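These numbers come from a predicted model, not from an experiment. When reading the values below, keep in mind they use all heavy atoms of this one structure, side chains included, and skip hydrogens, waters and symmetry mates.
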Amino acid sequence: MRLAGLVLLIVSVALVVWVFLDLRGLTLWAADQQRGFQNEMAAAVLALRSGDLGAYIALLAAAGAYGFVHAVGPGHGKYLVGSVGIGSSVPLGRLIAVAVCSSLAQALWAIVLVYGGFVFLEGAGKQVSILAEDYLAPVSYVAIASIGCLLAWRGVRTLASGDRHKKETGSTCGCSAHALSSSDVAALGSVRAALALIGSIAIRPCTGAIFLLVIAWQMDLKAAGAAAVLVMGLGTAALTSGVAASSIVARGAAFTSAGLLGTPAHAAVPGLQILAGGTIVWFSLLLLGLTP
């Protein structure tokens, strides 16, 4: 019965992970919505440039909606956030805080890159887009994959050691540690661990944010552009926070199901960690174009 419960638990989580997949229909829908909201943002900026103050509200609304639907597509850390929620002991509030902070940090990073690029470079929009897609995006995916490896390694190590107590609670490294441990990353047990997750997501700026900031700079609406990009970040945060909440609910439900079949929750934790870490790595390789 213990084995059956473990199998059921892993299958349940696999189904939840499948829900997180960028299904083709959903991805196409998100791309179509993005184009629509991008056009609305451009129109709002032009109207604001003409002196229509009401366009400011339209700009912020379109930016927030764009951020939400854009987060449905590949990237934006929802896989990382969801997988960490499923495969670790991180509390809901802490995981949502990471989701919000990573989205806002991504927005701030876009502002720094675009506006800084216009100050120091000519043709900043094109150069920043190339930097974001050709260099920063791969760095982000590799960083996310490394976190997935740490999470999976923790599960493998726990299975090998047979340390049942550590499976349930997850240990955190002390303040004297000089490197992040797999358990620290898994439970977000330190500021450094949280920053590692936030940085791996935020390092790649959103292409929609770059588009909006370039137009705002050219129209001499820098403050409005920056404010809209921050609202765009909040739209992204809304989606990733929902993924965070659903992943932890799914983890609890899976543990309950396993318990009903006679498998203690802690006995299934290593399997969840391996599954979650493997999912993170697989999606990172997919985004890097390294999978069939």
Query - Pair listing, side-chain hydrogen bond (donor to acceptor under 3.5 Å, both in side chains) test, anchored in residues 48-67, at least two apart - result: none
Report task. Mind jotting down which residue pairs meet the side-chain hydrogen bond (donor to acceptor under 3.5 Å, both in side chains) criterion with at least one end in residues 216-229? Sequence neighbours excluded, please. Result -> Asp220-Lys222
Shortest non-hydrogen contact between [X] and [Y], atoms and distance:
X: Pro205; Y: Leu113; result: CG-CD1, 3.7 Å
X: Ala62; Y: Met41; result: CB-CG, 3.7 Å
X: Gln106; Y: Arg204; result: NE2-O, 2.6 Å
X: Cys101; Y: Ile198; result: CB-CD1, 3.6 Å
X: Ala216; Y: Tyr115; result: CB-OH, 3.9 Å
X: Val243; Y: Gly82; result: CG1-CA, 3.7 Å

Hey, does the side chain of [X] reach the backbone of [Y] with a donor-acceptor pair shorter than 3.5 angstrom?
X: Ser83; Y: Leu80; answer: no
X: Ser140; Y: Ser200; answer: yes
X: Thr236; Y: Gly67; answer: yes
X: Ser247; Y: Ala244; answer: yes
X: Trp109; Y: Ile203; answer: yes
X: Lys78; Y: Ala71; answer: yes

Is there a side-chain contact between [X] and [Y] (heavy atoms, below 4.5 Å)?
X: Leu212; Y: Leu59; answer: yes
X: Met232; Y: His70; answer: no
X: Phe211; Y: Ile215; answer: yes

Requested in this report: Quick one: pull up CD1 in Ile144 and CD1 in Ile280 and give me the separation to the nearest 0.5 Å.
Outcome: 8.5 Å
**Report entry** Separation between CD of Gln33 and CZ of Arg35, rounded to the nearest 0.5 Å
**Finding:** 9.5 Å
Requested in this report: Run the numbers on Val98 and Val90 for side chain to side chain contact (heavy atoms under 4.5 Å, CB included), then give the verdict.
Outcome: CA-CA 11 Å; Val98 166; Val90 59; over 6 Å; no
Using side-chain contact (heavy atoms from CB on, under 4.5 Å) as the criterion, list what pairs up with [X], not counting sequence neighbours.
X: Leu92; answer: Ile96, Ala245, Ile248
X: Ala152; answer: none
X: Leu230; answer: Ala107, Leu108, Ile111
X: Leu234; answer: Leu104

Report task. Determine, using the 4.5 Å side-chain heavy-atom cutoff (strictly less than), whether Leu46 and Ile57 are members of one ILVMFWY cluster. Result -> no
Query raised in the report: Pairs in or reaching into residues 35-55: which pass ring pair (Phe, Tyr, Trp, His ring centres under 6.0 Å), with residues at least two apart or in two chains?
Result: none
**Report entry** Under the side-chain hydrogen bond (donor to acceptor under 3.5 Å, both in side chains) test, residues paired with Asp134 that sit two or more places apart
**Finding:** none
Query - Where at least one partner belongs to residues 232-247, residue pairs that pass salt bridge (Lys or Arg N to Asp or Glu O under 4.0 Å), sequence neighbours excluded - result: none
